[in-house]
Amino acid sequence: MSENCTHDCNSCGESCSSRNGGQPTSLLAPLNPASSVKHVIGVVSGKGGVGKSLVTALMAVKINEKGKHTAILDADITGPSIPKAFGLGTDGLSVTEDGMMVPATTATGIDIMSANLLLDKDTDPVIWRGPVIAGAVKQFWSDALWKDVDYMFVDMPPGTGDVPLTVFQSLPLSGIIIVTSPQELVSMIVAKAVNMAQKMNVPILGLVENMSYLSCPDCGKKISVFGESHIDEIAEQYGIPVLAKIPIDPKIAENVDAGTVEYLKEDWMETAAEKVLAL
Ligand SMILES: Nc1ncnc2c1ncn2[C@@H]1O[C@H](COP(=O)(O)OP(=O)(O)OP(=O)(O)O)[C@@H](O)[C@H]1O
């Protein structure tokens with residue numbers, strides 16, 4: 001609020017907390033009037049490489065299989081791995097006459113926006129500073145044509161820093177899914193994500209533990225490669241459900257690398273899908 005505030009908002013252009021009846025000004029980016037998105041679910045992790053993109057992809061595939069029009073907004077701008085997992089090249093985007101970006105569509109009909117779809121080569125690095133990254137995510141939301149989307153999954157930038165925070169504030173999230181792996185400091189990471197979600201007033205749908213175990217190919221015994229998982233205790237401590245435990249499985253890596261993630265047949269995400277469909 002300005003020092004000289006007269007409390008007459010009609011005579012001032014300042015965007016301060018006095019405007020809007022003392023409520024903080026909304027930082028939500030507007031959705032284009034031609035777009036429609038019913039539910040937006042953020043997929044977050046404490047650090048990179050735990051399988052956040054994999055979980056985003058598997059969730060989208062599962063909900064799409066249930067007959068809902070599904071989309072992915074790849075907000076992991078500097079490490080965009082979604083297009084590759086679906087076998088999309090760098091030329092999948094088109095632009096409408098009035099300048100709106102039309103997301104790429106996968107073989108089974110999932111709409112995708114990602115920085116990788118804008119690059120000349122998918123090996124080109126995205127060397128942008130935080131505010132530019134956050135601006136790109138807002139543009140993916142506001143300036144893309146999201147046609148009748150029932151469920152949009154957002155592959156969030158990893159961590160709880162400035163960029164994920166801006167993305168949190170910019171998109172109307174219906175809930176978040178927290179992805180962890182047993183080798184992380186899970187308790188601390190979940191605590192940070194829970195605090196961030198509570199500050200932003202976004203419900204936590206649950207936890208997904210990736211690389212939870214390895215099934216012995218000979219006897220089927222579950223081997224805890226990274227030591228015993230503590231996810232159930234942590235989930236109970238915070239009163240949030242465990243939605244899935246995904247094993248380490250070479251067929252996951254093979255399908256992601258081959259761009260065939262949507263043909264990976266599995267039941268790991270059933271509980272998570274039920275939770276999302278109940279929103
Ligand atoms: N359960 C699993 N079994 C086998 N391979 C896996 C599994 N989970 C992830 N991977 C592989 O590990 C790599 C990293 O996964 P992914 O890209 O989903 O992580 P991420 O958390 O999104 O990383 P980043 O934040 O860096 O984008 C990918 O090549 C993926 O195929």
Side-chain angles (χ1 to χ4, degrees), residues 41-62 72-88 106 110 112-117 119 122-128 130 133 136-137 140 153-165 167-168 176-186 189-190 192-193 196 207-217 222-227 229 231 242-270 272:
I41 295 110
V43 183
V44 308
S45 69
K47 63 175 177 117
V50 297
K52 178 175 50 59
S53 305
L54 172 75
V55 170
T56 307
L58 292 179
M59 281 305 300
V61 169
K62 190 53 88 184
I72 298 178
L73 191 160
D74 188 358
D76 194 352
I77 301 285
T78 53
S81 28
I82 292 291
K84 187 169 185 301
F86 286 91
L88 296 173
T106 72
I110 300 171
I112 294 188
M113 269 305 297
S114 170
N116 248 18
L117 299 169
L119 303 175
D122 65 3
T123 47
D124 286 348
V126 177
I127 315 166
W128 294 344
I133 294 175
V137 175
F140 285 180
F153 293 89
V154 182
D155 189 355
M156 299 285 266
T160 46
D162 191 40
V163 179
L165 198 73
V167 175
F168 249 93
I176 60 160
I177 293 173
I178 303 172
V179 184
T180 66
S181 66
Q183 76 268 40
E184 285 184 294
L185 296 165
V186 181
I189 281 159
V190 172
K192 278 183 198 274
M196 180 150 129
L207 302 174
V208 171
E209 185 176 66
N210 186 32
M211 308 189 207
S212 192
Y213 58 91
L214 176 76
S215 287
C216 170
K222 287 185 178 178
I223 304 162
S224 303
V225 181
F226 300 112
S229 159
I231 197 79
V242 176
L243 299 176
K245 290 182 182 176
I246 305 174
I248 299 173
D249 190 330
K251 76 171 185 275
I252 293 180
E254 276 162 29
N255 277 277
V256 169
D257 285 348
T260 53
V261 74
E262 56 199 325
Y263 302 113
L264 190 61
K265 292 285 167 233
E266 49 73 32
D267 292 327
W268 307 311
M269 310 313 285
E270 278 298 336

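As the structure lists them, so they are numbered: ligands from 1, and atoms in each ligand from 1.
When each atom of ligand 1 is checked for a heavy atom of Ser81 under 4.0 Å away, the hits are 17 (O), 27 (O). Near Ala253, the atoms of ligand 1 lying under 4.0 angstrom from a non-hydrogen atom of the residue are 5 (N), 31 (O). Close approach to Ile248 involves these atoms of ligand 1, each under 4.0 Å from a residue heavy atom: 1 (N), 3 (N). Remark: ligand 1 atoms within the under-4.0 Å shell around heavy atoms of Asp76 are 24 (P), 25 (O), 27 (O). Ligand-side atoms of ligand 1 in range of Pro247: 1 (N), 2 (C), 3 (N), range being under 4.0 angstrom from any heavy atom.
For the pair Leu264 and Val61, the minimum side-chain heavy-atom distance is 4.5 Å or more. In this structure, the side chains of Leu58 and Ile246 come closer than 4.5 Å at one or more pairs of heavy atoms. Phe153 places none of its side-chain heavy atoms less than 4.5 Å from the side chain of Val55.
When all heavy atoms of Ile252 and Pro247 are compared, the pair lying nearest together is CD1-O, 3.7 Å. Contact record, Met156 with Asp76: O-CB, 4.1 Å, taken as the closest heavy-atom pair. Between Phe226 and Met211, the shortest heavy-atom contact is CD1-O, 3.8 Å. For Lys251 against Lys265, the heavy-atom pair with the smallest separation is CE-O, 4.3 Å. Nearest heavy atoms, Pro83 versus Asp74: CD-OD2, 3.8 Å. The two residues Trp268 and Lys245 come nearest to each other via the heavy atoms CD1-O, 4.3 Å.
Residue, atom and distance of the protein heavy atom nearest to atom 3 (N) of ligand 1 are Asp249 N, 3.1 Å. Atom 25 (O) of ligand 1 has its closest protein heavy atom at Gly48 CA, 3.3 Å. Of the protein's heavy atoms, Leu54 N, 2.9 Å lies nearest to atom 18 (O) of ligand 1.
Taking only nitrogen or oxygen atoms, main chain and side chain alike, Gly49 reaches within less than 3.5 Å of ligand 1. Where the criterion is an N or O separation shorter than 3.5 Å, residue side chain and backbone included, Val256 fails it with respect to ligand 1. By the 3.5 Å distance cut-off applied to N or O atoms, Asn210 is counted among the residues near ligand 1. For the pair Ser53 and ligand 1, the shortest N or O to N or O distance falls below 3.5 Å. Here's the thing with Ile252: none of its N/O atoms is less than 3.5 angstrom from an N/O atom of ligand 1. Considering backbone and side-chain atoms together, Ser45 places no N or O closer than 3.5 Å to any N or O of ligand 1. Between Gly51 and ligand 1, at least one N/O pair is under 3.5 Å apart.
One finds the CG atom of Asp155 at 10.0 Å from the CG atom of Leu54 (value rounded to the nearest 0.5 Å).
Contact annotation: for Asp155 versus ligand 1, there are no heavy atoms closer than 4.0 Å.
For the residue pair Ser181 and Asn210, no side-chain donor N or O sits within less than 3.5 Å of a side-chain acceptor on the partner.
Judged purely by atom type and a 3.5 angstrom limit, Lys52 has no side-chain atom pairing as donor or acceptor with the backbone of Pro157.
Distance screen at 4.0 Å: atom 28 (C) of ligand 1 has no protein heavy-atom neighbour inside the cut-off. For atom 13 (C) of ligand 1, no protein heavy-atom neighbour is found at a distance under 4.0 Å.
The shortest heavy-atom distance from Ala85 to ligand 1 is not under 4.0 Å.
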